[in-house]
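In what follows, a single structure is set out as structure tokens and then discussed.
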Amino acid sequence: MSINATLIGQMITFALLVWFTMKYIWPPFINAMEERKKKISDGLAAADKSQEDLKLAEKKAKNIIKEAKDQSSEIVTLAQKRANEIVEESKDNANKEAERRIQAAKAQIEQEIEQTKEALRKEVAALAVSAAEQILGAEIDQKKHQDIIGKVSDKL
Amino acid sequence: MATEAHAAEGATGYIIHHLTPLRAGEGFWTLHLDTLFFSALLGVLFIWFFKTAAEKATSGVPGPLQNVAEMLIEFVDTQVKDTFHGRSALIAPLALTIFCWVFLFNFMDLFPVDILPMIGSAMGIPYLRVVPSTDLNATFAMSISVFLLIIFYSIKVKGVFGFAKEMLLQPFGPWLMPFNLLLKVVEEIAKPISLGLRLFGNLYAGELIFILIALLPCYVQPILSLPWAIFHILIITLQAFIFMVLTIVYLSMAHEDH
């Protein structure tokens with residue numbers, strides 16, 4: 001076992017190896033590993049954040065749905081109220097119309113009765129006159145006795 | 001399973017053959033070609049694997065290659081962050097290199113002891129010791145580099161005077177200066193020596209046991225070598241881990257100001 005120049009050769013080889021490792025091997029690996037570490041921690045943080053966001057969004061959605069439900073029930077109530085009102089209104093209108101028509105019909109009937117009465121009166125007067133004529137046997141001058149006839153027919 | 005050429009030399013010859021490196025040169029300037037070759041090859045393998053993964057590295061979903069690389073890097077990074085509290089661009093890559101390289105060195109131990117030397121001898125290479133961490137030069141190269149970094153960072157962080165003060169005044173105060181210095185020097189020198197010797201000793205012993213098992217009759221070998229190999233999977237990882245952690249600890253100590 002002798003120490004000899006091999007030692008020097010080995011030391012040179014060793015120095016070269018260390019130099020190469022330091023220059024070309026160590027940095028890329030350490031950088032890649034650091035970068036990956038960062039990526040992973042970033043990814044985990046993003047996942048946490050998105051989960052939180054999801055929770056928030058769910059809460060928001062629930063609120064919106066609740067609001068919408070409230071609004072719709074309000075709308076339904078309003079609509080029902082309005083419908084009732086419309087029904088009431090139309091009932092009123094119908095009643096009024098019916099009343100009106102009844103009144104009109106009554107008025108017309110009255111008028112017709114009046115007219116008929118008038119006509120009858122006139123006819124009764126004429127009949128009375130012709131009856132008196134016949135009874136008297138003499139012709140009563142229509143013109144002379146107009147006043148009398150008028151008075152009679154007014155009394156009818 | 002000694003090859004015929006070495007059968008004549010007996011068991012000792014076989015063991016010695018397996019533990020003899022392929023040499024070139026004389027005296028101090030001897031080079032262990034097999035150690036240099038295999039460590040460089042494993043270094044290239046390590047670089048190639050991580051470079052391929054690094055080129056495709058993405059912060060998105062990682063592929064299987066990137067997954068493995070990231071697991072290793074995260075493991076090393078955690079170790080560094082647990083122990084070392086300063087900021088340094090060097091320490092973590094250094095720890096990763098040490099861990100992977102030492103692991104690959106040790107992993108060569110799990111190849112059947114005869115296969116690579118046999119291929120070598122077929123190609124005309126007389127000796128081939130395939131586990132670089134059974135060569136003191138390989139383990140000391142790393143531990144001495146770490147030692148130099150310890151000295152460098154000590155001076156860089158504490159300043160020349162701070163470092164000198166630490167060496168001279170601790171642990172017994174200014175009246176025992178030479179004694180302090182002696183203790184401190186021993187303490188510092190012990191670091192690279194223990195680092196290098198621990199790895200070398202473990203792997204050398206492990207390899208030796210594999211070689212000894214290989215000397216037994218072939219019907220006994222699996223019964224012994226399988227448990228030993230499985231146990232060795234733990235050993236090689238543990239040794240790589242210890243080397244890395246101690247490096248981080250030593251360097252973080254160098255960064256601490258007392």
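Numbers restart at 1 for each chain; the letters A, B, ... are given by sequence-line order, proteins then strands.
- Within the 4.5 angstrom heavy-atom criterion, atoms from both the backbone and the side chain of B:W29 approach chain A.
- Only the backbone of B:T58 comes within contact range of chain A, with at least one heavy atom under 4.5 Å from a heavy atom of that chain.
- Formation of a donor-acceptor pair under 3.5 Å by the A:T21 side chain with backbone atoms of B:T97 is not found in this model.
- When atom types are taken as modelled, the side chain of B:N137 and the backbone of A:A5 share no donor-acceptor pair closer than 3.5 angstrom.
- Proximity to chain A among residues 74-83 of chain B is limited to B:E74, B:V76, B:D77, judged by heavy-atom separations below 4.5 angstrom.
- The distance from the CD1 atom of A:I25 to the CG atom of B:L72 is 11.5 Å, given to the nearest 0.5 Å.
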Item to complete: Could you please spell out the steps behind the side chain to side chain contact (heavy atoms under 4.5 Å, CB included) verdict for A:F20 and B:K51?
Response: CA-CA 9 Å; A:F20 193 90; B:K51 187 72 188 135; 3.8 Å; yes
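- In terms of non-hydrogen atom pairs under 4.5 Å with chain A, the most contact-rich of B:A40, B:P62, B:A69, B:A89 is B:P62.
- Residue-level contacts of residues 143-154 of chain B with chain A, in order of numbering, are B:I144, B:S145, B:L148; threshold 4.5 Å between heavy atoms.
- Below 30°, between 30° and 60°, or above 60°: for A:F29 and B:F50 the angle between ring planes is above 60°, a perpendicular geometry.
- To the nearest 0.5 angstrom, B:L90 atom CG is 5.0 Å from A:M22 atom CE.
- With rounding to the nearest 0.5 Å, the separation of OG1 in B:T35 from CG in A:L7 is 11.0 Å.
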